Amino acid sequence: IRTETAETSTPEMDKRCEPARYEAVWQRTWREKGYFTAEAPSQRPSYCIPIPPPNVTGKLHVGHALQSTLQDLLTRWRRMQGYNALWLPGTDHAGIATQLMVERQLATEGASRCALGRERFLERMWEWKEMYHDNIRQQLDLLGASCDWTRERFTLDPGLSRAVREAFVRLYREGLISRGEYLVNWSPTLGTAVSDLEVEMKTVQGKLYHVAYAVEGSDERIVVATTRPETMLGDSAIALHPDDERYQHLQGKAAILPVVGRRLPFVADPMVDREFGSGLVKITPFHDPNDFEVGKRHGIPGITVIGPDGRMTADAGPEFAGLDRFEARTKMVQRLQEEGYLVKVEDHVHNVGHSQRGGEPIEPLVSTQWFCDVSGMAEAALEAVRDGRLALVPDSWGKTWEHWLTNIKPWCISRQLWWGHQIPAWYTEDGRCFVAHSVEEAAGQAGTDRLTQDPDVLDTWFSSALWPFSTLGWPEDTPDLRTFYPTSVLVTGFDILFFWVARMVMTGLHFTGEVPFATVHLTGLVRDAEGQKMSKTKGNVMDPTELVHEFGADALRFTLASLDSPGRDIPLNRDQIAGYRAFGNKIWNATRFALSRIPADARVAESIDPAGLAAPERWILSRLSQAAAEVDARFETFRFDEACNRLYHFFWGDLCDWYIELCKPAFSGEAPRPRVGDVLLTVLDRALRLLHPVMPFLTEEVWQRLPGHQAVHPETICLAPYPRREESWESPEVEAGMDALIQAVTRARGLRADLGLSPKTKIDLHLSASDAGVQRLLEEQEPLLRFLTRVESITFGTIPEGAVRDLVAGVEVALVPEAAALGEEERGRLVKELDKLAAEIARAEERLGNEQFLSKAPPHVVEGGRARLAEMREREASLKASLGDR
RNA sequence: AGGCCCGUAGCUCAGUUGGUUAGAGCGCUACGUUGACAUCGUAGAGGUCAGCGGUUCAAGUCCGCUCGGGCCUACCA
């Protein structure tokens, strides 16, 4: 176990950061110490994130890694802020998807679900579940997830199954769940009904067959167009538009179905589009959703000619019975042609519903299923977003939410599968149905125990819909439920907004009266470096486990979090992850520097008073305070990208590029300043704490080595307070002065480079600040400036003739090179710069001469413009002086 | 068919309620290995903000149209 780091506090650190050496160790330590176990009840405010339960179908993909990173980030952040934070983990049985995986596995063994029987098959399912569940758990550990595994749930475990039965029974008793015979989306290869959401519309190139029908009792022939000739066998009417002049005479008559010879009455219905085809539509009530409605309106009976297996039924007639529906199409076309009914065939592009899981075209089929009427719940869910009880982030999803929920239809919740929650409905031998919590209760109602349970299971999303409260113990009124419900945030992909999020909101409001979470953060899709969707067939799938092994979990986490900008997909590329791995190395080495150079008595300070500190120390503390304030604000608004960006630039830019450089001459004794070691350690401590939610492993590993870190928390950075803004540390004056120093140093280096002078060339630097305070600061820090610019000497005040000069941040910077003159290249660059400046000055003058601008623009903008113009003029003078007489 | 999103540097993207000089990372160029770090440092180059029109003192930002790309919803047989 990794406690030796903290206790022996070996100052030796490797030259490179190697995540593999500490990540797994810390994950184990954290778990053993129980840092992530939440309390219920608790005195502290609650914060809860219910995990979108991964399917137990296989491995986690990068999308999971993204969502897990964000959930963990939020949880760790709130935990550090003192919340009683719970990230509740679990997995989903994922009905169809998982059953398919196991069926495939069985097929490779030459076995099958039916041969095995329901009971043995379910045993196999549970074995599968155990295996993949363990995978998922390991992967989450690998990523550094701070889940409370003592509260882990699975959608088929006893508690959740009980919640499912309770929800079903209540909805049934309220009349919102019912059983009935309707036209449903049927997947012939899966052998089950699916919901509207599981139907994927695909644009396909098909054919439009124009078929002639004889009109009964006349010589007239009419033409009807269809894309599915095989369904003609189930036709029972022909529809025309009630206002269509061309066909009024057909009202009350009938057509004769070719090949079959059945009589098809004409019906007038406004659903007919007069412009399409001939303006006449064949009506197949049992194999088309529109026709089903027309059939109902006109009392036309339907005929089922395609069975659940996708083959033609006996009712299709002896010639077709037993044929696959697509074979039947070919045969029908052939028969029509033979008998002279086929008028023409056109290419036709149209949209066909396909089974999302099975992949084959959906067959609309009449069957008895269970339905849930969600119209009332949808209304409540709409209201929750409208009145702000539920926030969608980004809020652009609001319109999609509105649209879907206002057009919602009954939800088909039964599935002809074995893996799932069996429907709590029992039938007597004479066919009466009893819905109850248990077979005993049903027997009581039925007055007999000769009952058979409904063989179907519920749609997987039915149990998922209850997830935020069923995992906390609902329907029991448990301490967990009281403590953590409603939960705080849901982080998930927009692709399951309807499948899952909307349904959780609906059931949450229905059963608990409250929205199940206050905020939904919807992430984009993780794509590959080229912006392509990852898919197995394309072979561009990135495996999070491999990425963790290659780059470390922290680098992957930082990358994913920093790419999560609202409403955008996430193009993930390895270079970027490598870049953030380098950032980790930077953090590591910054710490290594501190540990090797600080005085022996330096310690992390829980708080520090800037009074008595020199400008560089006051500057970094001021910058740190602002970084803390901004990072916190970004997390509040789910701008993980901006938070990460801020963290990155604070650490690399302010801390490493400048402050650590500023520390060097102080530590070496060249330019000593008070308490530099304490400040460096204190800044590192806080910076690591700020970074911890994003990079938990590295920050813990490094933080444990800081002398005196125990003052902040005795055991772990995971539970150390999240740094806040420290207003007493902030000083605009110090920042302005140091900013001038930084810019002057940068410009001095730039001038030297412009002159093509090697770093070894001796040079005199002249600095002249217009602001007296800045001038004083520069003079005070003269040794520091010499160290940073590597010049021989610095002279303050008037710039000598012949110097090469420039003006930045109110400081004139000039170099007097020994016997060096401006070459052609340098002159050219200067002239170009002067031209640009002159153009800008002209623009500024014009603007400032505009009456409208002066009177309408706010004063600070006008003032800013004037100041800017003045500075540009000064700079112009300075640059001209460089060119001057040389 | 309806709706939504996007178009900014070579690439991937930021850019607050319109307000000075449009930013970052990667890549590129030159120089650099001085004791934290070459997974590095220093200094640079690179943009007609897709196009057109409008509102405004002021537009990458607001409005309209066009072009290009993506996504969602949808029962045209």
Side-chain angles (χ1 to χ4, degrees), chain A residues 13 15-17 201 208-209 224-228 231 239 271-273 275-284 288-293 348 350-351 353 364 394 396-397 399-400 402-404 407 494-495 497-498 525 529-531 551 555 562-563 565 567-573 575-576 578-597 639 641-642 645 648-649 656-657 660-661 664 668 746 749-754 756 758-759 790 829 836-837 840 843-844 847 850-858 860-869 871-872:
Chain A
M13 285 175 80
K15 202 168 172 183
R16 286 180 182 171
C17 170
M201 296 307 269
L208 189 61
Y209 303 90
V224 170
T226 179
T227 52
R228 298 195 62 195
T231 64
M271 70 66 92
V272 178
D273 177 356
E275 308 300 314
F276 190 88
S278 60
L280 291 170
V281 185
K282 68 193 249 330
I283 300 299
T284 321
D288 182 278
N290 280 319
D291 295 5
F292 187 75
E293 293 303 316
H348 182 61
H350 60 146
N351 298 318
S396 53
W397 287 102
K399 281 194 177 175
T400 312
E402 280 282 330
H403 181 257
W404 191 72
N407 295 297
F494 65 83
D495 50 323
L497 185 62
F498 304 136
L525 216 64
E530 276 77 48
F551 301 103
S562 67
L563 287 171
S565 44
R568 268 201 113 100
D569 282 344
I570 292 159
L572 185 63
N573 77 70
D575 290 350
Q576 202 155 6
Y580 289 122
R581 178 182 54 188
F583 178 52
N585 193 56
K586 193 76 180 173
I587 295 169
W588 177 271
N589 274 292
T591 310
R592 197 161 81 97
F593 167 81
L595 296 184
S596 67
R597 301 287 292 277
R639 288 307 303 263
D641 56 335
E642 291 182 348
N645 211 2
Y648 183 93
H649 285 106
C656 294
D657 289 347
I660 283 184
E661 292 307 309
K664 286 177 180 173
S668 72
T746 305
R749 291 167 177 165
L751 288 175
R752 185 208 287 267
D754 285 349
S758 99
R790 308 273 162 195
R829 195 156 37 218
K836 263 166 63 182
L837 198 54
E840 251 177 68
R843 264 203 311 263
R847 187 169 38 239
N850 183 335
E851 272 310 312
Q852 297 275 18
F853 174 70
L854 295 177
S855 59
K856 290 189 180 168
H860 74 272
V861 173
V862 177
E863 271 319 300
R866 290 208 171 104
R868 169 79 193 135
L869 177 60
E871 187 162 351
M872 285 192 294

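So that the names make sense, note that chain A is the first sequence line, chain B the second, and so on, each numbered from 1. Bear in mind the structure is a predicted one, so any value in this text is a computation, not a measurement.
If you take atom P in B:rA59 and the same atom in B:rG2, they sit 34 Å apart, rounded to whole Å. Of the C1' atoms belonging to B:rC67 and B:rG53, the separation is 15 Å, rounded to the nearest Å. B:rC71 and B:rG54: their C1' atoms are spaced 30 Å apart (whole Å). B:rC31 and B:rG15 have their C1' atoms separated by 32 Å, given to the nearest Å. Straight-line distance between the C1' atoms of B:rU55 and B:rU20: roughly 22 Å, to the nearest whole Å. For the C1' atoms, the distance from B:rG46 to B:rG10 is 9 Å, rounded to whole Å. Look at the P atom in both B:rG18 and B:rC57: the space between them is 15 Å, to the nearest Å. B:rG41 and B:rG27: their P atoms are spaced 12 Å apart (whole Å).
In this entry B:rA22 has no Watson-Crick or G-U wobble partner, no candidate having both defining distances under 3.5 Å. Here B:rA36 sits opposite no nucleotide as a Watson-Crick or G-U wobble pair (both hydrogen-bonding atom distances under 3.5 Å). When Watson-Crick and G-U wobble pairs are counted only if both distances are under 3.5 Å, B:rC31 pairs with B:rG41. Nucleotide B:rG64: paired with B:rC52 (Watson-Crick or G-U wobble, both distances less than 3.5 Å). With a 3.5 Å ceiling on both atom-pair distances, the Watson-Crick or G-U wobble partner of B:rC71 is B:rG3.
Here B:rC6 presents its P atom at 12 Å from CH2 of A:Trp397, a figure rounded to the nearest Å. A:Phe276 has its CZ atom 14 Å from the P atom of B:rA1, to the nearest Å. At whole-Å resolution of the value, NE2 in A:His403 and P in B:rC72 are 14 Å apart. Here B:rU73 presents its P atom at 10 Å from CG of A:Asp495, a figure rounded to the nearest Å. The distance from atom CD of A:Glu642 to atom P of B:rG15 is 6 Å, rounded to the nearest whole Å. Atom CD of A:Gln576 is separated from atom P of B:rG25 by 12 Å (rounded to the nearest Å). Atom C1' of nucleotide B:rC76 and atom CG of A:Leu208 are separated by 10 Å, given to the nearest angstrom. Taking atom CZ on A:Arg752 and atom C1' on B:rA30, their separation rounds to 15 Å, with Å as the unit.
Ion pairing between A:Arg866 and A:Glu863 holds under the 4.0 Å rule for side-chain N and carboxylate O. Salt bridge status for A:Glu402 with A:Lys399: absent, with no side-chain N to carboxylate O gap under 4.0 Å.
For the pair A:Glu275 and A:Ala844, nearest-nucleotide mapping onto RNA chain B gives the more 5' position to A:Ala844. Of the two residues near RNA chain B, A:Ile570 and A:Ala867, the one whose nearest nucleotide lies more 5' is A:Ile570.
Across all strands shown, A:Asp273 has heavy atoms under 4.0 Å from base atoms, whether or not it also approaches the sugar-phosphate. Counting non-hydrogen atoms under 4.0 angstrom, A:Pro571 reaches the backbone sugars and phosphates but no base. Contact annotation for A:Arg866: no contact, since no heavy-atom pair falls under 4.0 Å across all strands. Across all strands, A:Arg228 comes closer than 4.0 Å to no nucleic acid atom at all (heavy-atom distances).
Using bins of under 30°, 30° to 60° and over 60° for the plane-to-plane angle, the ring pair A:Trp397/A:Phe494 lands in the parallel bin.
In this structure, A:Asn589 contributes its side chain and A:Arg16 its backbone to no donor-acceptor pair below 3.5 Å.
In terms of heavy atoms, A:Arg228 sits closest to A:Thr226 at N-OG1, 2.9 Å.
For a distance-only test at 3.5 Å, the side chain of A:Asn351 qualifies as a donor-acceptor partner of the base of B:rA74. Side-chain atoms of A:Asp575 stay outside donor-acceptor range of the base of B:rC26, with no qualifying N/O pair under 3.5 Å.
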Walk me through whether A:Glu840 and A:Met872 qualify under side chain to side chain contact (heavy atoms under 4.5 Å, CB included). CA-CA 8 Å; A:Glu840 251 177 68; A:Met872 285 192 294; 3.3 Å; yes
Go through the steps to decide whether A:Arg752 and A:Arg749 satisfy the test side chain to side chain contact (heavy atoms under 4.5 Å, CB included), and finish with yes or no. CA-CA 5 Å; A:Arg752 185 208 287 267; A:Arg749 291 167 177 165; 5.6 Å; no
Is there a side chain to side chain contact (heavy atoms under 4.5 Å, CB included) between A:Thr400 and A:Phe498 once you walk through the steps? CA-CA 10 Å; A:Thr400 312; A:Phe498 304 136; 3.4 Å; yes
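The OG atom of A:Ser565 lies 6.0 Å from the CZ atom of A:Arg639; values are rounded to the nearest 0.5 Å.
Between A:Thr231 and A:Lys282, some side-chain heavy-atom pair lies under the 4.5 Å cut-off.
Within the 4.0 Å cut-off from OP1 or OP2 of B:rA77, at least one side-chain nitrogen or oxygen of A:His350 is found. The phosphate of B:rA14 (OP1 or OP2) has a side-chain N or O of A:Ser565 nearer than 4.0 angstrom. For A:His348, a side-chain nitrogen or oxygen approaches OP1 or OP2 of B:rA77 to under 4.0 Å. Residue A:Lys399 places at least one side-chain N or O closer than 4.0 Å to OP1 or OP2 of B:rC4.
Of the listed nucleotides (B:rG15, B:rU20, B:rG19), B:rU20 has the atom at the smallest distance from the side chain of A:Arg868. Considering only side-chain atoms of A:Arg568, the nucleotide from B:rA77, B:rG7, B:rG25 that sits closest is B:rG7. Candidate nucleotides B:rC71, B:rG25, B:rU20 were compared by shortest atom distance to the side chain of A:Tyr648, and B:rG25 ranks first. Checked against B:rU20, B:rC72, B:rC57, the side chain of A:Arg847 finds its nearest nucleotide in B:rU20. Each of B:rU21, B:rC76, B:rA14 was ranked by its minimum atom distance to the side chain of A:Met201; first place goes to B:rC76.
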Base versus backbone protein contacts along nucleotides 34-42 of chain B [heavy-atom cut-off under 4.0 Å; B, S, -]: -SBBSBSSS
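Annotation: cation-pi pair A:Lys586/A:Tyr648 absent, no NZ/CZ under 6.0 Å from the ring centroid and within 45° of its normal.
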